[in-house]
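So the structure is just underneath, and the comments pick up after that.
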2 protein chains.
Amino acid sequence: MVSSNITHDTEHLCQSCAQKNTSVFCKAKVEYLTEVNSQKVFNTFKKGQTIFNEGSYPFGVFCINSGKVKLAHLGDDGKEQIIRLLKGGDIVGYRALLSNERYSATAVALEDTQVCFIPKELFIHILKNDAGLTFEMMKLLSDELHKTELKLTHLAQKPVRERLAEILLFIKETYGFEDDGITLNVRLSREEIANLVGTATESTIRLLSEFKRDSMVELDGKKIKIINQKKLLKTANLQD
Amino acid sequence: MVSSNITHDTEHLCQSCAQKNTSVFCKAKVEYLTEVNSQKVFNTFKKGQTIFNEGSYPFGVFCINSGKVKLAHLGDDGKEQIIRLLKGGDIVGYRALLSNERYSATAVALEDTQVCFIPKELFIHILKNDAGLTFEMMKLLSDELHKTELKLTHLAQKPVRERLAEILLFIKETYGFEDDGITLNVRLSREEIANLVGTATESTIRLLSEFKRDSMVELDGKKIKIINQKKLLKTANLQD
DNA sequence: TAACGAATATGACAAAAGTCATACTGGTTC
DNA sequence: GAACCAGTATGACTTTTGTCATATTCGTTA
């Protein structure tokens, strides 16, 4: 929240928000949506900018309008572990708010990103009154927990090679392809991919080279093209 | 739910439940508690018995009255990954219920365990009407998510030795000590400990031997005594 | 009490993954 | 275009961890 592009706008209405149908939050009752509309703060983050920082206190919740965001823990030795990838329609920062704790992770924009900030009090107020929304939020948390538990199991039991293949497919699921239908629609550094997989950067680079050699992917700088998804899926050894 | 000890009892009242003050679920409004009381099914599981199985459909939620339970994923190769340890006052099986999915994990009693089963419809009904309870449930999920994310980061970044030390301390936090003040109050096999840490059984055995040599623990069959918690904490290298 | 099997323990080895050093590449700035 | 830097790539090596084989112990049952 260091950016200067903060606007209490009337331009970006929740009612006409592009994410109205995908975001949990925008499923609140109409009466609350109006309230959100008047209190929310529209904000833009440039690529690389921090939306919030591990250790600081949450004052509200962020609703991503457009763009891409990584959510990461900083390990004891300073190495980051990316725990979620977010896109338009997702909300961030609710975990700490609900647990009434400081942020346990840092959110950074992976590209220019637009977000709506909804103040804590309003968020909590709506949750306490809109049972439907609360139930949706609970489901969302529940799904997130499930995904994280699966990741945990895979991290514990699968070799790096399989996990990397899995992550590439996960990135595809999350952000999809570019217009060409094969290029992953996000630019991540090798280090960031490593921090998603939970391995060393060099290992990631090495394995990506192998994947290229085995004609599963094509590499062009930060562009990653998936040219044999079937083989990649096999490499990931997924069955759930 | 294969046990034959099922009783629609009037004996075990929620109102006088030993876990009334610790369990989230028992914080429901009094009117609902009465309802729960009449619909819940009291059940006993012997050590080693399965409470529910990965892949099957949830028909309700389990409230642990007394005893100890492990919740584990079965990895693709059949190796289990223990994702939670549960005790009296905890509830299990809510995750799948809320996400409207099959169980993604298996719950097994680590010792003789008493549970109350609350039918799905009632559980959902209460959640949809008791905003306070729903909010509590949300917090619970939120905390669980946080813990799991932390585990994920540690699994990705810390060596087995540190993770084992951490798990021993975690077991102590969860189940505490026996009356002697040093023996961990649960019997887990070396394999189970390994499946908590996310490592091979032999590695766990080896490291426990080291911990013993370095006089951090004492081993007596499945009994594990923590004789130098400070040193163990240092070995775990925790700072959060 | 003997005997059995399962769990624990330990050694030897293999495989996986991380680290360090060193190139190479691509994009940026001057 | 030269120079520079960060990111990428690759090789050589070390460390960590897993695997397999084999004792050994423990608790259980006959």
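Numbers restart at 1 for each chain; the letters A, B, ... are given by sequence-line order, proteins then strands.
- Computed from coordinates, the A:Leu188 CG to D:dA6 P distance equals 20 Å when rounded to whole Å.
- Where B:Asp220 and B:Arg206 meet DNA chain D, the nucleotide closest to each residue was compared, and B:Arg206 sits on the side nearer the 5' end.
- For B:Ile205, taking side-chain heavy atoms from C-beta onward, the closest of the listed nucleotides D:dT19, C:dG18, C:dA9 is C:dA9.
- When distances are taken from the side chain of A:Thr199 to each of C:dA9, C:dA17, C:dT10, the shortest belongs to C:dA17.
- Side-chain N/O atoms of B:Thr199 and B:Thr204 include no donor and acceptor closer than 3.5 Å.
- B:Arg95 and B:Ser104 share a donor-acceptor pair across their side chains, judged by distance under 3.5 Å alone.
- Minimum atom distance to the side chain of A:Ser209 is reached by D:dA9, of the listed D:dA9, D:dT17, C:dA9.
- B:Leu207 places its CG atom 15 Å from the P atom of C:dT8, with the value rounded to the nearest Å.
- Screening B:Lys151, B:Arg84, B:Gln81 for a side chain to side chain donor-acceptor pair (under 3.5 Å) involving A:Glu149 leaves a single residue, B:Arg84.
- Side-chain proximity of B:Lys222 to the nucleotides C:dT8, D:dT17, C:dT10 is greatest for C:dT8.
- Among the nucleotides D:dG7, D:dT19, D:dA9, the one closest to the side chain of B:Ala200 is D:dT19.
- D:dG7 atom P lies 16 Å from atom CD1 of A:Ile224, rounded to whole Å.
- Between B:Asn228 and B:Ser215, the closest heavy-atom pair is CB-O, 3.5 Å.
- Heavy atoms of A:Thr201 sit nowhere under 4.0 angstrom from any nucleic acid atom.
- Contact annotation: B:Arg190 reaches the phosphate of C:dA9 (side-chain N/O to OP1 or OP2, under 4.0 Å).
- Nearest nucleotide to the A:Glu202 side chain, out of C:dG18, C:dT8, C:dC20: C:dC20.
- Whole-Å rounding puts the A:Arg213 CZ to D:dA9 C1' distance at 15 Å.
- Between B:Leu208 atom CG and C:dT8 atom P there is a gap of 10 Å when expressed in whole angstrom units.
- A:Lys79 has its NZ atom 11 Å from the C1' atom of C:dA17, to the nearest Å.
- Remark: P of C:dT25 and CG of A:Leu219 are 15 Å apart, rounded to the nearest angstrom.
- For B:Phe62 and B:Tyr94, the ring centers are positioned 6.0 Å apart or more.
- Rounded to whole angstrom, the span from the CD atom of B:Glu162 across to the C1' atom of D:dT17 amounts to 15 Å.
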